[in-house]
Amino acid sequence: EWLNKTVKQMWPYVCQFVEKLFKETIEPAIKETNAHLSTFGFIKIDLGDQPLRINGVKVYSENVDKRQIIMDLQISFVGNTEIDVDVKRYYCRAGIKSIQLHGVLRVILEPLLGSMPLVGALSVFFLKKPLLDINWTGLTNILDIPGLNGFSDHMIQDIISTYMVLPNRITVPLIDEVELAQLRFPMPKGVLRIHFLEAQNLEVKDTYLGGLIKGKSDPYGMLLVSNQLFRSKTIKECLHPKWNEVYEALVYEHSGQHLEIELFDEDPDKDDFLGSLIIDLSELHKEQKVDEWFDLEEVATGKLHLRLEWLSLYPSAEKLDQVLRSIRANDNLSSTLLVVYLDSASNLPTNPLDFNPDGPKPPYKGLKSGKKVSIDPNPFVKLTVGQKMYTSKVRYKTSEPLWEEAFPFLINNPHTQELEIEVWEHPKSMNIKINLLFLCYSGSGLSQYPLGEVQLTIRHSSQRNKLIVVVHACRNLIALTKDGLDPFIRLYLLPDKSRSGRRKTSTLKKTLNPIYDQSFEFSVSIVELHRRTLDVAVKNGGGLLSKHKVLLGKAVVDLASEDVSKGWTRWYHLTEDGSKKIIQT
């Protein structure tokens, strides 16, 4: 209770800190989640006079670094809050009149010092997503905004997770000399390799004729370690399923952490519960390896077979070859952990039209004022290794962005895999660019690619067995008359050149920089796609007998050269026959 009395006395100052957190962190994060929330803002933030309560404290003394103190606080907050928000773009107002939040908040004091203030920094975070219940007023007003019918407490939970759920944390330095980056982004304690093998004697959930005839179940598993979630495949009509799948999870704190598993029977409407299991990671850390049948909890029958391995991290590559030999038969296993610390960028182009090749070439002149248009970019970063991709936060209107984020990659073979880093302009300003194409660019001036360029998004949907091609725009086309062009784009998926295989955009009048943003589909499997080629032709429209109804340029896209299931958006250079497949990424 002495802690709660301390919190009560500190509560007004805690509220000031939370108000600053809402305005400087949560408000920008909400704006980034959806273009329709770009004018979202907090009008009033009052957490009320009922302070947060601490219901229990646990201090760890085993398996803890001697230079740190680790505490877990069981916290509850039931507040008579008054929080008002508005979305100016839609003249919409809503509010929160009460909040309930329950969770385990970890507090780490490190490093311990031999001089005042005895502690170098304070770090706080939730071990997993806290339970959150919000009593809204005027929520229907927000739900009426286009594209926000999915808005809910889960959006707020996701934002909290981004900043305060492990591995994310808030770190407050108490002295100047502390290595803040190392405390904010600590290396994982290890990797948990989970062999999700099989189950036996699961409950029957699928019945027929009102329960007279018992069937079987269609089991699958959900596995959770901190905020890392894995879902197994579904085994149809089986009470003794064999999955034989393997997952790897990063463990930043093994004390107080658990592997949580739930089994379900997959159904068209609502999946039925088949049992659960919770395994203490601190015990697993002691054992290092476990291969056991576990009784499922909360059900009458059922067992689950798991093989669990605790993998420690070596600071050097001395044992890399040995590890690679041990996993060579399985591409799903990892040998190496790569952590990328994204700090900042400098000297980014101050105009998004320079920053992104989607825009025209300088100079950018306003048609009326004749003044230069200068807009700071809204940059973010994409980091990719194989199939794993992370996207950083967006930093708005700055050519000197500061991110301070960390991204972990589990690597199968560092000798053969590559890290790809791309700096992008946020799509919100793509709309600005499209407008600028109309307002500021006359189409005059020489281009490096004299026939112009065409922008395409290409990806394959394995679920629908379709190739999806989005024709975005062309730029720097060559005028045939003083009135410009009436361009359209024709697509074939070669070798099919039949009439039914042809796709065609609408024709835009009197423009050298047409913007289409039209989507087309071709029915084709991913296997067949590697033997096909996309033929793109930009043509000038006109009447049936028009002498200017000609081919303006072609691009040929080889679909076998890249992973089309991931998709890409690029500018392709137009040539007379499409033979020069130059790609501007």
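Note that the numbering runs from 1 along the sequence shown for the chain.
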Problem set entry | Verdict with supporting geometry, Tyr390 and Leu342, side-chain contact (heavy atoms from CB on, under 4.5 Å) | CA-CA 11 Å; Tyr390 290 105; Leu342 175 64; over 6 Å; no

For this session: Report the C-alpha separation of Ile279 and Phe294 in whole Å, then their side-chain angles, then the decisive distance to 0.1 Å, and conclude whether the side-chain contact (heavy atoms from CB on, under 4.5 Å) test is met.
Result: CA-CA 10 Å; Ile279 297 174; Phe294 296 89; 4.0 Å; yes

For this session: Any chance you could lay out the side-chain contact (heavy atoms from CB on, under 4.5 Å) test for Asn332 and Tyr247, step after step, and finish with the verdict?
Result: CA-CA 8 Å; Asn332 294 321; Tyr247 315 103; over 6 Å; no

Problem set entry | CA sep, side-chain torsions, deciding dist, call: Leu101, Leu52, side-chain contact (heavy atoms from CB on, under 4.5 Å) | CA-CA 9 Å; Leu101 184 144; Leu52 171 149; 5.9 Å; no

Exercise. Going through the checks in order, is the side chain to side chain donor-acceptor pair (under 3.5 Å) test met by Ser255 and Arg106?
Worked result: CA-CA 11 Å; Ser255 57; Arg106 174 153 294 183; 3.3 Å; yes

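For Tyr314, the OH atom counts as loosely surrounded, since its 6.0 Å shell holds 12 or fewer non-hydrogen atoms of other residues, nucleotides or ligands. Residue-environment remark: NZ (Lys393) exceeds the threshold of 12 foreign heavy atoms within 6.0 Å. Within a 6.0 Å sphere centred on NZ of Lys233, heavy atoms belonging to other residues, nucleotides or ligands number more than 12. Within 6.0 Å of atom NZ in Lys88, 12 or fewer heavy atoms from other residues, nucleotides or ligands are found, so the atom counts as exposed in its surroundings. For Met10, the CE atom counts as loosely surrounded, since its 6.0 Å shell holds 12 or fewer non-hydrogen atoms of other residues, nucleotides or ligands. Heavy atoms of other residues, nucleotides or ligands lying less than 6.0 angstrom from NZ of Lys23 number more than 12.
Contact of the Pro241 side chain with the Leu202 side chain is registered, since non-hydrogen atoms from C-beta on lie closer than 4.5 Å. Residues Lys397 and Asn378 have side chains in contact (heavy-atom distance under 4.5 Å, counting atoms from C-beta outward). Side-chain atoms of His415 and Leu324, non-hydrogen and from C-beta on, do get closer than 4.5 Å to each other. A heavy-atom distance below 4.5 Å is not found between the side chains of Gln200 and His305. The shortest side-chain heavy-atom distance between Lys128 and Glu260 falls under the 4.5 Å cut-off. Within the 4.5 Å cutoff, no side-chain heavy atoms of Glu62 are placed close to those of Ser282. Side-chain contact check for Val381 versus Glu405: every heavy-atom pair is 4.5 Å or farther apart. Considering only heavy atoms from C-beta on, Arg67 stays 4.5 Å or farther from Glu110 through its side chain.
Residue Asp218 holds its CG atom at 14.5 Å from CZ of Phe264, rounded to the nearest 0.5 Å. Taking CG of Asp86 as the start and SG of Cys92 as the end, the distance is 8.0 Å to the nearest 0.5 Å. Interatomic distance, Asp563 CG to Gln387 CD, rounded to the nearest 0.5 Å: 5.0 Å. One finds the CG atom of Leu274 at 10.5 Å from the CD atom of Glu262 (value rounded to the nearest 0.5 Å). Separating the CD atom in Gln74 from the CG atom in Leu105 is a distance of 11.5 Å, to the nearest 0.5 Å. Atoms CG and CG, on Asp265 and Asp267 in that order, are 4.5 Å from each other to the nearest 0.5 Å.
Proximity of a side-chain donor or acceptor of Lys382 to a complementary backbone N or O of Thr391 within less than 3.5 Å is not detected. Listed for the Ser335 side chain is a donor-acceptor partner under 3.5 Å among the backbone atoms of Asn412. Side-chain atoms of Thr398 come within 3.5 Å of backbone atoms of Glu400 as a donor-acceptor pair (strictly under, hydrogens ignored). Judged by distance alone, with hydrogens and angles left aside, the side-chain atoms of Glu27 form a donor-acceptor pair with the main-chain N or O of Phe42 at under 3.5 Å. With hydrogens and angles disregarded, no donor-acceptor distance shorter than 3.5 Å links the side chain of His240 to the backbone of Ala199. Checking side-chain atoms of Glu19 against main-chain N and O of Cys15 turns up no donor-acceptor pair under 3.5 Å. Judged by distance alone, the side chain of Asp291 and the main-chain N or O of Arg307 form no donor-acceptor pair under 3.5 Å. With hydrogens and angles disregarded, no donor-acceptor distance shorter than 3.5 Å links the side chain of Thr336 to the backbone of Pro414. Remark: side-chain polar atoms of Gln417 are not paired, donor with acceptor, to backbone N or O of Gly386 under 3.5 angstrom.
Shown here for Phe77 and Leu47, the closest heavy-atom pair between the two residues is CZ-O, 3.7 Å. Between Ala94 and Gly138, the shortest heavy-atom distance links the atoms CB-O, 3.5 Å. When all heavy atoms of Glu248 and Phe230 are compared, the pair lying nearest together is O-CZ, 3.4 Å. Shown here for Val225 and Leu281, the closest heavy-atom pair between the two residues is CG1-CD1, 4.1 Å. Nearest heavy-atom pair, Gly221 versus Phe196, reported as atom, atom and distance to 0.1 Å: CA-CZ, 3.9 Å. Val119 and Ala121 get closest at one heavy-atom pair: CG1-O, 3.3 Å.
Between Trp310 and His285, the ring planes lie perpendicular to each other; the angle is over 60°, past the 30° to 60° tilted range.
For Val64, the side chain to side chain contact (heavy atoms under 4.5 Å, CB included) partners are Tyr60, Gln68, Ile70, not counting sequence neighbours.
Among His102, Gln100, Arg53, the one residue that satisfies the side-chain hydrogen bond (donor to acceptor under 3.5 Å, both in side chains) test with Ser76 is His102.
A salt bridge links Glu266 with Arg231: at least one charged nitrogen is closer than 4.0 Å to a carboxylate oxygen.
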